[in-house]
Student: 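Okay, here's the structure, questions in a sec.
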Amino acid sequence: MRLSSGLLVASVAAGLLSVAATLLAMPAASLQFGLATLLALLGHVLASRGGRRVRWAVAAGIGLLAVVAAMRLFWYQEQVHETGLVAYGHGAAKTALLARWRELIDRERLAALGLALGVLGLAAGVLAVPARGRRRGVATGVLALLFFAWLGLSFAREFGPYPLLDLLGTVWPALLAALVAVGALALSGWRADRRWLLPVGSVLLSLGAVNACADLAAAWSGWWVMSRPADGAFLQVGWR
């Protein structure tokens, strides 16, 4: 179908622009192009006649990723327009700063939960593709191991002075998304066609999921250091 092919080409073009904007440190443009990529890809899935068994699971996964991208774009624009930053060093200012910091962490946890559900839908689509038994699976398996190593190193930095259970209790949605995405990447090579779109998409998905997990862990560890709950100086999130 012409419509389906056009939407696929549009999604690839917007995806490349999103990657370029990320490399150029343009977060708003990256999120906008990323949202356009997901919407075009969602249209391609719905317009295509193939993969009827898992079409709705894949469409739901892409839709959830689009919702997450829209949420993050809205939050980014909201932060850009915020004024009146709080100065650090006074009790009331520190309380307000930590409350705002914790609010941002909770937002990212919500986004990570949507990311995890979206990745699960896409992983169902990867599993539904018949295995082709090619050697390309070795390449994606090696890439998956590298992503696992990156994920492990990002957590190893947070294991020292921080309570592990509290850390895992905060980042578990992002960790689940990263593990499922990397697992789908490992399987994508065995199911890839000659155009390699499935492994390339799996690499980008794994990159985003692992990076989101590492960022959330780093944000929580920074908040924990400032609030110092272990020293009896825990500040309850809230406003008087």
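We're numbering straight along the sequence, starting at 1. Model, not experiment: these values are computed from the prediction.
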Student: Sequence neighbours excluded, which residues qualify as side chain to side chain contact (heavy atoms under 4.5 Å, CB included) partners of Leu143?
Tutor: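 With neighbours one apart ignored, the set is Leu146, Leu185, Val203.
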Student: Mind checking who shares a hydrophobic cluster with Leu16, ILVMFWY linked at side-chain heavy-atom distances under 4.5 Å?
Tutor: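 Cluster partners of Leu16: Val12.
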Student: Using every non-hydrogen atom in the two residues, find where Ala116 and Pro173 come nearest and quote the distance to one decimal.
Tutor: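 Ala116 and Pro173 have their closest heavy atoms at CB-O, 3.5 Å.
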Student: Flag the pair Phe148 / Val210 as yes when at least one side-chain heavy-atom distance between them is below 4.5 Å, and no otherwise.
Tutor: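 No, too far: nothing below the 4.5 Å cut-off.
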Student: Looking at every non-hydrogen atom in both residues, tell me the closest pair between Ala59 and Leu46 and how far apart they are.
Tutor: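 That closest heavy-atom pairing would be CB-CD2, 3.9 Å.
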Student: Checking Ala66 now: which residues fulfil side chain to side chain contact (heavy atoms under 4.5 Å, CB included) with it, not counting sequence neighbours?
Tutor: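 If we apply the side chain to side chain contact (heavy atoms under 4.5 Å, CB included) test to Ala66, skipping adjacent residues, the hits are Leu35, Leu38, Leu39.
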Student: Under 4.5 Å between any side-chain heavy atoms of Leu65 and Leu41, yes or no?
Tutor: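 No, side chains not in contact.
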Student: Sequence neighbours excluded, which residues qualify as side-chain hydrogen bond (donor to acceptor under 3.5 Å, both in side chains) partners of Asp166?
Tutor: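 Scan of Asp166 (side-chain hydrogen bond (donor to acceptor under 3.5 Å, both in side chains), adjacent residues dropped) gives none.
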Student: Is there side-chain contact between Met71 and Tyr76, with at least one heavy-atom pair below 4.5 Å?
Tutor: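 No, every pair of side-chain atoms sits at 4.5 Å or beyond.
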Student: For the OG1 atom of Thr37 and the CG atom of Leu17, what is their distance to the nearest 0.5 Å?
Tutor: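 The distance works out to 8.0 Å.
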Student: Report the residue from Leu104, Leu98, Leu97 that forms a side chain to side chain contact (heavy atoms under 4.5 Å, CB included) with Arg100.
Tutor: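 Single pass found, and it is Leu104.
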Student: Give me the atom names and distance for the closest heavy-atom approach of His44 to Leu7.
Tutor: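 Closest heavy-atom pair between His44 and Leu7: N-CD1, 3.6 Å.
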Student: Of all heavy-atom pairs between Trp172 and Arg109, which one has the smallest distance, and what is that distance?
Tutor: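 Shortest heavy-atom separation between Trp172 and Arg109 comes out as NE1-NH2, 3.5 Å.
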Student: State, to 0.1 Å, how close Trp150 and Leu207 come at their nearest heavy-atom pair, and which atoms those are.
Tutor: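 Heavy atoms of Trp150 and Leu207 come nearest at CZ3-CD1, 3.5 Å.
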Student: Going by side-chain hydrogen bond (donor to acceptor under 3.5 Å, both in side chains), name the residues that satisfy it together with Arg72, two or more places apart in sequence or in a different chain.
Tutor: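 Per chain and number, Arg72 pairs via side-chain hydrogen bond (donor to acceptor under 3.5 Å, both in side chains) with Glu108.
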Student: Where do Leu216 and Ala174 come nearest, in terms of heavy atoms and distance?
Tutor: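 For Leu216 versus Ala174, the nearest heavy atoms are CD2-CB, 4.1 Å.
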Student: Does Ser30 have any side chain to side chain contact (heavy atoms under 4.5 Å, CB included) partners at least two apart in sequence or in another chain, and if so, which?
Tutor: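 Expected list: Ser18, Ala21, Thr22.
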